[in-house]
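To keep things clear, I will list the structure first and then write my remarks on it.
Each chain gets a letter, A, B and so on, in the order its sequence line appears, and its residues count up from 1.
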Amino acid sequence: MTPALTGIDAPDFDLALTLDCGQLFHWLPRGKGWVGLADRTPLYVEMAGNQLLVPVGTEEIARHFFALNHPLTEIYGTFPQDEAMVAAMAYCRGMRLVRQPAWECLATFITSAMKQVPHIRQISFELRRRYGQPVEFAGTTLYTYPTPERLAECTEAELRECKLGFRAKNLLGAAKMITRGEVSLEAVAGLNDGLARAELCRLPGVGEKVANCALLFGFERLRAFPIDVWIERILREIYFRKKRKVTARRLREFSDTYFGAYGGYAQQYLFHHARKTWKLSR
DNA sequence: CTCCAGGTTCCGG
DNA sequence: CCGGAACATGGA
């Protein structure tokens with residue numbers, strides 16, 4: 001049933017936080033840990049002290065996927081040390097931004113527009129179950145995220161059955177453009193942040209925010225700073241308190257510089273902290 | 001029943 | 001460039 005496990009060093013790593021902060025949408029609790037896919041590789045993961053337990057033979061894949069080599073201490077040192085960041089840092093210490101497959105990440109965030117996290121998970125599981133590839137693992141069946149080629153074969157009506165709503169047209173359109181080679185994610189990977197973002201924004205359903213999520217979580221552009229409704233609230237209520245008529249452009253210019261070289265990390269810390277602590281008092 | 005959710009796109013000042 | 005509105009669906 002359960003595969004043989006082996007431990008790998010994982011200092012400064014909070015697995016639960018990393019899986020629960022809204023960057024991944026298909027991992028499931030299992031026993032003392034979680035199961036999920038790192039691209040095509042099924043993993044069971046569990047913390048044991050400063051070690052991460054993973055199936056024998058998947059050590060390198062797990063190390064890479066969970067970005068255990070991101071220099072967290074150095075990253076924290078680049079954060080602005082204001083009150084909000086200090087609080088978010090304390091709350092989220094050990095959270096890592098994992099290395100997601102580019103298409104899986106991009107597609108998932110196309111389907112995330114105006115949806116709550118549980119809905120995004122629901123959509124992800126449904127797309128995987130219908131159009132992904134089954135992978136047997138530890139007595140259960142996991143499903144890979146469907147390729148652009150497979151999704152491009154679907155009709156919009158079929159995708160709507162996955163509760164996508166108006167996002168179905170966008171996901172289908174993006175899958176088709178990528179399948180036809182009109183946009184190449186391999187090429188995007190070779191562009192600088194600005195050009196990469198512009199290229200991604202050519203896809204339907206991909207605007208500034210979704211492109212930045214893809215860059216941050218799928219292309220390891222750790223400076224990318226997605227501004228969603230939560231981050232916008234934080235910026236307006238904390239960093240622009242009492243300021244009149246703060247435009248979206250102004251928020252973007254501020255966040256692009258203020259949070260530094262690892263702005264994406266700062267963003268995710270602020271995002272998760274606010275979501276977990278503000279929600280209770282509303 | 002009403003409101004809103006990890007937005008994008010289009011349209012009129 | 002900026003603010004509004006439409007767009008689907010489900011949970012609170």
Side-chain angles (χ1 to χ4, degrees), chain A residues 17-27 88 92 95 97-98 100 104-127 154-177 183 197-219 221 224-237 240 243-256 259 263-282:
Chain A
L17 208 44
T18 297
L19 292 176
D20 184 47
C21 68
Q23 59 178 327
L24 291 164
F25 301 92
H26 74 281
W27 285 72
C92 300
M95 178 199 294
L97 300 192
V98 312
Q100 298 187 42
E104 173 179 328
C105 177
L106 173 62
T108 300
F109 277 99
I110 287 175
T111 66
S112 78
M114 256 170 60
K115 277 286 177 196
Q116 295 183 333
V117 170
H119 299 154
I120 302 169
R121 286 177 64 87
Q122 198 176 339
I123 290 169
S124 171
F125 278 111
E126 196 59 19
L127 286 171
C154 295
T155 63
E156 185 182 326
E158 287 175 323
L159 292 185
R160 276 183 184 259
E161 288 176 18
C162 300
K163 311 304 178 187
L164 281 171
F166 64 84
R167 304 157 195 81
K169 188 192 297 276
N170 293 333
L171 182 62
L172 182 57
K176 284 182 173 173
M177 282 184 73
V183 168
R197 182 162 33 244
E199 191 63 11
L200 290 174
C201 285
R202 293 178 51 218
L203 296 165
V206 181
E208 196 97 1
K209 190 271 174 182
V210 169
N212 277 328
C213 284
L215 287 175
L216 178 59
F217 303 124
F219 291 89
R221 305 302 174 91
F225 193 98
I227 299 180
D228 65 0
V229 290
W230 284 94
I231 290 296
E232 180 163 348
R233 270 178 221 154
I234 294 167
L235 292 176
R236 289 185 186 283
E237 294 183 23
F240 288 87
K243 294 276 175 59
R244 291 287 156 156
K245 289 196 291 189
V246 181
T247 63
R249 185 172 195 357
R250 181 79 190 91
L251 294 179
R252 199 185 57 204
E253 288 170 349
F254 170 75
S255 55
D256 279 349
F259 294 99
Y265 255 94
Q267 188 270 6
Q268 194 62 13
Y269 276 51
L270 288 171
F271 172 81
H272 184 69
H273 179 234
R275 247 167 53 87
K276 291 298 180 183
T277 62
W278 289 18
K279 191 178 290 184
L280 302 173
S281 56
R282 277 161 50 96

Worksheet item: What distance, rounded to whole Å, do you find between the two P atoms, one in C:dG4 and one in B:dC4?
Response: 15 Å
Worksheet item: What is the distance from CD of A:Glu161 to P of C:dA8, rounded to the nearest Å?
Response: 16 Å
Practice prompt. Determine the interplanar angle of the A:Phe217 and A:Phe109 rings, folded into 0 to 90°, and report it as parallel if under 30°, tilted if 30 to 60°, perpendicular if over 60°.
Written response: parallel
Item to complete: Check for a donor-acceptor pair, side chain of A:Arg252 on one end and backbone N or O of A:Glu208 on the other, with a separation under 3.5 Å.
Response: no
Worksheet entry | Nearest-neighbour nucleotide for the A:Ile231 side chain, C:dT9, B:dG6, C:dC1 considered | B:dG6
Discussion item. Using only modelled atom types and a 3.5 angstrom limit, is any donor from either the side chain of A:Gln23 or the base of B:dG6 paired with an acceptor on the other?
Written reply: no
Fill in: Spacing of A:Ile120 atom CD1 relative to C:dA8 atom P, expressed in whole Å
18 Å
Discussion item. Using only atom types and a distance under 3.5 Å, with no angle test, would you say the side chain of A:Gln267 pairs donor to acceptor with the backbone of A:Pro226?
Written reply: yes
Discussion item. Could you tell me how far apart A:Ile123 (CD1) and B:dA5 (P) are, to the nearest whole angstrom?
Written reply: 16 Å
Worksheet item: Nearest heavy-atom pair of A:Ile110 and A:Pro204: which atoms, and what distance?
Response: CD1-O, 4.2 Å
Worksheet entry | Spacing of the P atoms in C:dC2 and B:dG6 (rounded, Å) | 26 Å
Practice prompt. May I ask you to evaluate whether A:Lys115 reaches the phosphate of C:dA8, defined as a side-chain N or O under 4.0 Å from OP1 or OP2?
Written response: no
Worksheet item: Just to confirm, is there a sub-4.0 Å distance from OP1 or OP2 of B:dA5 to any side-chain nitrogen or oxygen of A:Arg121?
Response: no
Worksheet item: For residues 166-177 of chain A, which residues have at least one heavy atom under 4.0 Å from DNA chain C?
Response: A:Phe166, A:Arg167
Worksheet entry | Closest non-hydrogen atom pair between A:Trp230 and A:Ala274, with its separation | CZ3-O, 3.8 Å
Fill in: Under 3.5 Å: donor-acceptor pair, side chain of A:Arg275, backbone of A:Leu270
no
Item to complete: On DNA chain C, check which nucleotide each of A:Ala113 and A:Gln122 is closest to and give me the residue with the more 5' one.
Response: A:Ala113
Worksheet item: What is the distance from CG of A:Leu159 to C1' of C:dT9, rounded to the nearest Å?
Response: 15 Å
Fill in: Out of C:dC1, B:dG7, B:dG6, whichever nucleotide has its closest atom nearest the side chain of A:Arg249
C:dC1
Worksheet item: At under 4.0 Å between heavy atoms, what does A:Glu232 touch on the DNA or RNA strands: base, sugar-phosphate, or nothing?
Response: nothing
Discussion item. Rounded to whole Å, please give me the gap between NE2 in A:His272 and C1' in B:dG6.
Written reply: 14 Å
Practice prompt. Output the residues of residues 203-212 of chain A in contact with DNA chain C, where contact means a heavy atom of the residue under 4.0 Å from an atom of the strand; sort by number or write none.
Written response: none
Item to complete: May I ask you to check whether A:Phe240 and A:Phe254 place their ring centres under 6.0 Å from each other?
Response: yes
Worksheet item: Which comes earlier along DNA chain C counting from the 5' end, the contact point of A:Thr247 or that of A:Pro118, where each point is its nearest nucleotide?
Response: A:Thr247
Worksheet item: Quick one: does A:Gln23's side chain have a donor or acceptor within less than 3.5 Å of a partner on A:Val98's backbone?
Response: yes
Worksheet, complete the sentence: Of the candidates C:dC2, B:dG6, B:dA5, the side chain of A:Met114 sits closest to B:dA5
Worksheet item: Starting at NE2 of A:His119 and ending at C1' of C:dA8, how long is that distance when rounded to a whole Å?
Response: 11 Å
Worksheet item: Taking CZ from A:Phe25 and P from B:dA5, how many angstroms apart are they, rounded to a whole number?
Response: 15 Å
Practice prompt. Identify whether a stacking contact exists between A:Phe109 and B:dG6, where the ring centres must be under 5.5 Å apart and the planes under 30° apart.
Written response: no
Item to complete: Could you tell me whether a side-chain N or O of A:Thr108 sits under 3.5 Å from a main-chain N or O of A:Glu104, the two making a donor and an acceptor?
Response: yes
Worksheet, complete the sentence: Separation of B:dG6 atom C1' from A:Leu106 atom CG, nearest Å, is 14 Å
Practice prompt. Considering non-hydrogen atoms only, spot the tightest contact between A:Arg167 and A:Ala113 and give its length.
Written response: NE-O, 2.7 Å
